[in-house]
Amino acid sequence: SMLEAAHENDIELEGKYSGHLWIEYLGGACEGSLACSTCHVIVMDVDYYNRLEDPTDEENDMLDLAFGLTETSRLGCQVI
Ligand code: FES
């Protein structure tokens, strides 16, 4: 996933535009187990957003807790 890629490359993604995504804060506190919302990302490219698989109920529940939720918000650990 994107989260793993960021961790592997030791990328500091806080508040940066990265390709199709605005990374508000890619904390990844729960390491992708859908138990936090620190990996919240905002997809800036709607076409890209629409190509992503729909979020699961678990992801949506966590997204509801994310700060600054938008129409095209996802959890970074769940999107490729
Ligand atoms: Fe916790 Fe994505 S890293 S939900």
Side-chain angles (χ1 to χ4, degrees):
S1 71
M2 205 177 69
L3 180 67
E4 286 159 352
H7 277 176
E8 272 165 26
N9 296 302
D10 216 12
I11 295 170
E12 179 51 72
L13 288 168
E14 184 168 359
K16 285 185 186 151
Y17 185 64
S18 163
H20 298 288
L21 303 164
W22 171 257
I23 313 294
E24 177 203 314
Y25 175 60
L26 191 57
C30 78
E31 301 188 335
S33 59
L34 282 174
C36 71
S37 57
T38 59
C39 62
H40 175 213
V41 297
I42 298 169
V43 183
M44 302 303 285
D45 181 335
V46 175
D47 287 340
Y48 182 78
Y49 179 84
N50 289 334
R51 287 204 301 273
L52 298 171
E53 280 190 31
D54 290 341
T56 60
D57 289 347
E58 289 82 2
E59 182 180 348
N60 278 325
D61 287 349
M62 275 302 139
L63 273 173
D64 284 342
L65 305 176
F67 177 76
L69 191 67
T70 75
E71 293 277 304
T72 59
S73 287
R74 293 298 302 265
L75 291 180
C77 67
Q78 302 301 306
V79 295
I80 309 292

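Indexing begins at 1, ligand by ligand and atom by atom, following the structure's order.
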### Query
Is C77 close enough that one of its N/O/S atoms sits under 2.8 Å from atom 1 (Fe) of ligand 1?
no
### Message
Could you tell me if the side chain of E71 sits less than 4.5 Å from the side chain of Y49, heavy atoms only?
### Response
no
### Numbering as shown, the atoms of ligand 1 that approach C39 to under 4.0 Å (heavy-atom distance)
2 (Fe), 3 (S), 4 (S)
### Task
Using modelled atom types only, decide if a donor and an acceptor are shared between the side chain of E59 and the backbone of L75 within a distance under 3.5 Å.
yes
### Closest contact, heavy atoms only, R74 versus L63
C-CD2, 3.6 Å
### Query
Hey, is the main chain of F67 close enough, under 3.5 Å, to the side chain of H40 for a donor-acceptor pair?
yes
### Task
Using 2.8 Å as a strict upper limit, say whether an N, O or S atom of C30 approaches atom 1 (Fe) of ligand 1 that closely.
yes
### Task
Could you state whether I42 and V46 fall into the same hydrophobic cluster, counting links through intermediate Ile, Leu, Val, Met, Phe, Trp or Tyr residues with side-chain heavy atoms under 4.5 angstrom apart?
no
### Query
G32: heavy atom below 4.0 Å from ligand 1, yes or no?
yes
### Task
Compute the minimum heavy-atom distance from L34 to ligand 1 and say whether it is under 4.0 Å.
yes
